[in-house]
Amino acid sequence: MEEGKGEVGLHRLFRFADGADAALMAAGAAGAVASGVAQPLMPLVFGEVVDAFGSGSRHDVLHRVSGVCLKFFYLAVGSWFACFLPTAKISTKVLMLFNVSSEVACWMITGERQAACIRGLYLEAVLRQDIAFFDKEITTGQLVQRMSGDTILIQDAIGEKVGKFLQLTATFVGGFVVAFSKGWLLAAVMLSGIPTVAFLEEKMMYEEASQVAADAVVSIRTVASFCAQERVVTVYNNKCQASRTQGIRTGIIGGLGFGFSNMMVYTSSALCYFVAAQFVNHGKSTFPSVFKAFLSLILAMIGLSEASTIASDTKKAKEAATSIFSIIDKKSKIDSSTGEGLTLDPVNGDIEFNHISFKYPCRLDIQIFSDFTLNIPSGKNAALVGPSGSGKSTVIALLERFCDPDSGTISLDGVNIKNLKISWLRNKMGLVSQEPVLFNDTISANIAYGKNEVSEEEIIKASRAANAHEFISSMPQGYNTVVGERGTQLSGGQKQRVAIARAILKDPRILLLDEATSALDAESERVVQDTLNQAMVGRTTITVAHRLSTIQGADMIAVLNNGMIVEKGTHEALMGMEGGVYASFVELRSGTA
Ligand SMILES: Nc1ncnc2c1ncn2[C@@H]1O[C@H](COP(=O)(O)OP(=O)(O)OP(=O)(O)O)[C@@H](O)[C@H]1O
């Protein structure tokens, strides 16, 4: 896999931010800093409350406390402005969230916007990759995990977490400034004790243990949704086994560390209070100043310790972004989204495979074709038969440009298909395969799949041509019947006819039938085969068939074995070849039928 070549830098996480995101981030940053700075201002006012209650007569207390209350009111209004103003500047939609702090709202909105953009680009990038990518580089589970789990990690890191980090950093800096402004010497002495209080406790108690537990739960849920519970349990047990020693060690260290940090809390508090009392005793400080400095430093250190926990989330987001961005930036060898390439008008449908040599990129040890040559004239029906694994479906895959040959050329009307626009080429071909793929949507949406503007008449016309109109109309919801996941609410023959209608609607010049009837019972096969025979008229058709009865009328039958054409001709000609492979196939099949 190409991903993971180098970790994405922090600033690259924001690479998909647009102008609106920049505005949201600027407003969110201003709000975060303002609300962060507001925290250490509180001890100042609290200090004054303590001072006001602790000194003077009863009337004096009332007067002084009223003055401090006014300051609380100013702080409330100031903090409301700091939070509200950025919201008002951005969007009225955000106003709906007025009960949420604006910096949180701004960061959440921009995180959501950027993550939506990343998800869209990732899906686009995945869908434009060639088939080898799906064989080699990604599984469905990975795709879903990246689109849901990994993008949420990124969303958090570029959204809410940034706001929180800025706010905590502002609290940390603000707390320091306030504490040192109340007497730098006192603050410096207190500082020597306080970091242990806030820092050790957080680190030892939560960091390792909770991170491991959270990871395990998240991955179990994701994998379980793919019904891989047994595998999950095995993987989980193995992981538990491997980390047991680590767990015991962490437990002992955590216990010791927790005890130690608790001891340090009380020891350093005692030290701080003792030193502060010395300062007050020698007239170098006052009680309110000590109170303010102590509270500010506590807030500053809590800010610092919480900000440090965000670093591990950012690291995870960078890892997730590394794999997602590597796919977004990945150039596909066969990029169906490109608008480049020739188009032909008109298209006759002459197909030529010239000296093709090919191996699947993920199975380089197996040579599928070494010198495969086949010519299918326009409007003719060529059938491919041969033992399983002889390369029949690969012929279709190469023509559709799901993969490209290692050497040799495939041409349509004399033009190498590599020079044709891929989307145009694929639109000229209608593929019906053994297992028709229907989506969980209405019958009409399934027939119109892939075409943008299709009228109801066109859908009905294609359904009539596919012998599907009758059964569709007899359903209570008709063309609006939802077929269920993978078309489970239709029979095999019905599904196949819907798939044929979809292929016919494209009005393809070339029809590719890859064992289109082999999964059907005799009655359904007869109906579907009649349908296909009508659909073939006037089109170049390649039919891959196991049931030889369905291809007897083909203009040419090519018998493949190990990627080579061993016999070629009409049914009659091949049957006339004494000891021929085709004739022996037919004999074998009629013997077993
Ligand atoms: N996506 C793929 N990646 C790797 N190898 C593949 C892939 N698809 C097919 N193959 C291999 O290529 C060879 C030819 O497969 P292909 O599907 O073309 O045969 P086939 O004649 O159509 O077989 P069947 O009649 O069983 O469908 C087989 O050995 C198969 O295992």
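Only this structure's heavy atoms are used, side chains among them; waters, hydrogens and symmetry mates stay out. Whatever order the structure lists ligands and atoms in, that order sets their numbers, starting from 1.
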statement: So for Lys392 against ligand 1, with non-hydrogen atoms under 4.0 Å, the contacting part is both
query: Can you tell me the protein heavy atom closest to atom 26 (O) of ligand 1 and the distance?
result: Ser388 OG, 2.6 Å
task: Using a strict 4.0 Å threshold on nitrogen-to-oxygen distance, state whether Asp150 and Lys316 make a salt bridge.
output: no
task: Please determine if Lys461 and Asp507 form a salt bridge, counting it only when a charged side-chain N lies under 4.0 Å from a carboxylate O.
output: no
task: Evaluate side chain to side chain donor-acceptor pair (under 3.5 Å) for Thr409 paired with Asn416, printing each intermediate quantity in order.
output: CA-CA 6 Å; Thr409 56; Asn416 187 338; 5.2 Å; no
- line: for atom 17 (O) of ligand 1, nearest protein heavy atom and its distance come out as Ser393 CB, 3.6 Å
- prompt: Is it true that Asp18 and Arg113 have a side-chain N and a carboxylate O under 4.0 angstrom from each other?
  reply: yes
- request: Return yes when Ile366 approaches ligand 1 closer than 4.0 angstrom through a heavy atom, no otherwise.
  value: no
- line: min-distance protein heavy atom vs atom 1 (N) of ligand 1 -> Asp135 OD2, 2.8 Å
task: Go through the steps to decide whether Thr151 and Arg119 satisfy the test side chain to side chain donor-acceptor pair (under 3.5 Å), and finish with yes or no.
output: CA-CA 7 Å; Thr151 49; Arg119 278 186 203 110; 3.0 Å; yes
statement: Going by the 4.0 angstrom heavy-atom rule, the piece of Val544 near ligand 1 is neither
message: Let's go through Gln155 and Gln114 carefully: what are the C-alpha distance in whole Å and the side-chain angles of both, what is the deciding distance for side chain to side chain donor-acceptor pair (under 3.5 Å) to 0.1 Å, and is it a yes or a no?
response: CA-CA 7 Å; Gln155 178 177 335; Gln114 291 178 63; over 6 Å; no
- request: Kindly assign one of parallel, tilted or perpendicular to the pair Phe369 and Phe358, based on the angle between their ring planes and the thresholds 30° and 60°.
  value: tilted
message: Considering non-hydrogen atoms of the protein only, which is the closest contact for atom 12 (O) of ligand 1, and what is the distance?
response: Ile368 CD1, 3.1 Å
field: Taking atom 5 (N) of ligand 1 as the reference point, the nearest protein heavy atom with its distance
entry: Tyr360 CD1, 3.3 Å
message: Can you see whether Phe325 has Arg12 sitting over its ring - NZ or CZ less than 6.0 Å from the centre and within 45° of the normal?
response: no
query: Quick one: does ligand 1 sit under 4.0 Å from the side chain of Cys362, the backbone, both or neither, non-hydrogen atoms only?
result: side chain
- prompt: Gly386: heavy atom below 4.0 Å from ligand 1, yes or no?
  reply: no
For atom 29 (O) of ligand 1, the option (of Pro361, Gly389, Ser390) bearing the nearest heavy atom: Gly389
message: For atom 27 (O) of ligand 1, what's the nearest protein heavy-atom neighbour? Residue, atom name and distance, please.
response: Glu515 OE2, 3.7 Å
message: Please identify which of these residues, Val544, Ile557, Leu513, meets the side-chain contact (heavy atoms from CB on, under 4.5 Å) condition with Ile551.
response: Ile557
- prompt: Can you find a non-hydrogen atom of Gln434 under 4.0 Å from ligand 1?
  reply: no
message: Nearest non-hydrogen contact with atom 18 (O) of ligand 1 belongs to which option: Leu560, Val385, Asp514, Thr394?
response: Thr394
